[in-house]
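These notes are about the structure you will find just below.
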Amino acid sequence: MSTYAEDTRKVTTHRLIEMKKRGEKISMLTAYDYSMARLIDAAGMDVILVGDSASNVMAGNVTTLPMTLDQMIYHGKSVVRAVKRALVVVDLPFGTYQGNSIEALASAIRIMKETHAECVKLEGGAEIRESVERILSAGIPVMGHLGLMPQSINKYGTYTVRAKDGSEANKLIEDARLLQEMGCFAIVLEKIPADLAARVAQELTIPIIGIGAGGGVDGQVLVMHDMLGLTQHFSPRFLRRYANLAEIITKAVSQYVEDVKSSDFPNEKEQY
Ligand code: KIV
């Protein structure tokens with residue numbers, strides 16, 4: 001068990017900023033359901049993200065785009081019920097905040113009221129400025145997300161590393177500055193060159209959490225199914241697998257099938 005699990009004080013957005021000041025790295029992982037969120041929280045995770053990656057790993061969609069607000073609220077509620085210590089962030093799904101800041105605020109309010117999560121995450125910079133400002137003005141903390149933004153996959157056409165060229169890198173830096181100026185409490189940087197991510201983390205005072213953005217940032221986030229080895233055919237360079245649950249689960253389930261078929265299960269002690 002991680003020694004960080006012994007610190008039972010609730011993680012807040014303010015505490016994350018203090019952690020950055022102290023140089024303490026921030027741990028963040030996705031969760032989508034009660035049982036896993038309980039284990040992840042008890043293991044000492046700082047931030048639990050109810051990511052719209054639920055679309056991929058829970059619902060089996062190819063992209064995050066089909067995720068609805070009602071579905072995010074269902075996952076958010078399940079996670080919040082389990083969590084005692086971690087800060088819980090819920091993604092605003094595609095189509096619930098872009099282009100209409102009034103709708104963005106209504107979406108964020110539904111997430112806060114119905115899930116009891118503590119903040120929301122939105123993908124984008126200058127393009128979603130009005131939405132971010134309006135949500136922040138209602139007292140809802142916002143985490144930004146720049147670099148590879150999976151909700152824009154149809155614009156990119158590929159999940160390759162972003163901001164490798166100067167103009168995209170400059171826009172990312174400008175967007176990160178803007179998100180901080182507006183009052184976001186942290187930013188996720190996904191799949192960008194490590195030196196660019198480190199530069200943003202050094203310049204900004206709010207925490208920068210990376211996924212495929214190198215070690216020079218203030219914290220790391222991974223998708224739970226990937227790091228536990230539940231997904232098997234997704235192996236980007238940035239992913240470290242900490243377990244092979246696919247193998248463990250397949251073995252256990254196959255054994256159960258064998259035991260039922262052979263009448264080994266249930267035995268005398270396993271019945272009334
Ligand atoms: O939805 C998600 O899981 C995310 C992470 C990849 C940061 O946004």
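Counting starts at 1 for both ligands and their atoms, in listed order. Predicted model only: the values in this text are computed from it and were never measured.
Any N or O atom pair closer than 3.5 Å counts here, and Thr30 shares no such pair with ligand 1. In terms of N/O distances under 3.5 Å, ligand 1 is approached by Lys121.
The closest non-hydrogen atom to atom 3 (O) of ligand 1, taken over Ser55, Gly51, Ser53, Gly147, comes from Ser53.
Salt bridge status for Glu174 with Lys171: absent, with no side-chain N to carboxylate O gap under 4.0 Å. Here Lys261 does not pair with Glu258 in a salt bridge; the nearest charged N to carboxylate O distance is not below 4.0 Å. Ion pairing of Arg129 with Glu133 is present here, as a side-chain N (NZ or NE/NH1/NH2) and a carboxylate O approach within less than 4.0 Å.
The proximity of Thr64 to ligand 1, defined as any non-hydrogen pair under 4.0 Å, does not occur for either the backbone or the side chain.
Taking a cut-off of under 4.0 Å to the non-hydrogen atoms of Ile211, the atoms of ligand 1 that pass are 6 (C). For ligand 1, the atoms sitting less than 4.0 Å from at least one non-hydrogen atom of His145 are 8 (O), numbered in the order shown with element in parentheses. Atoms of ligand 1 found under 4.0 Å from any heavy atom of Glu190 (numbered from 1 in listed order, with element): 6 (C). Heavy-atom proximity to Asp91, at under 4.0 Å, picks out these atoms of ligand 1: 1 (O), 2 (C), 8 (O). For ligand 1, the atoms closer than 4.0 angstrom to any heavy atom of Val223 are 3 (O).
Side-chain atoms of Thr68 and Asp70 form no donor-acceptor pair, as typed in the model, at a separation below 3.5 Å.
Taking the six-membered ring for Trp and thresholds of 30 and 60 degrees, His75 and Tyr32 have ring planes more than 60 degrees apart, a perpendicular arrangement.
Asp46 places a side-chain N or O within donor-acceptor distance of the main-chain N or O of Ser27, the cut-off being under 3.5 Å.
Looking from atom 5 (C) of ligand 1 to the surrounding protein, the closest heavy atom is Leu49 CD2, 3.8 Å.
Separating the CE atom in Met58 from the CG atom in Asn61 is a distance of 12.0 Å, to the nearest 0.5 Å.
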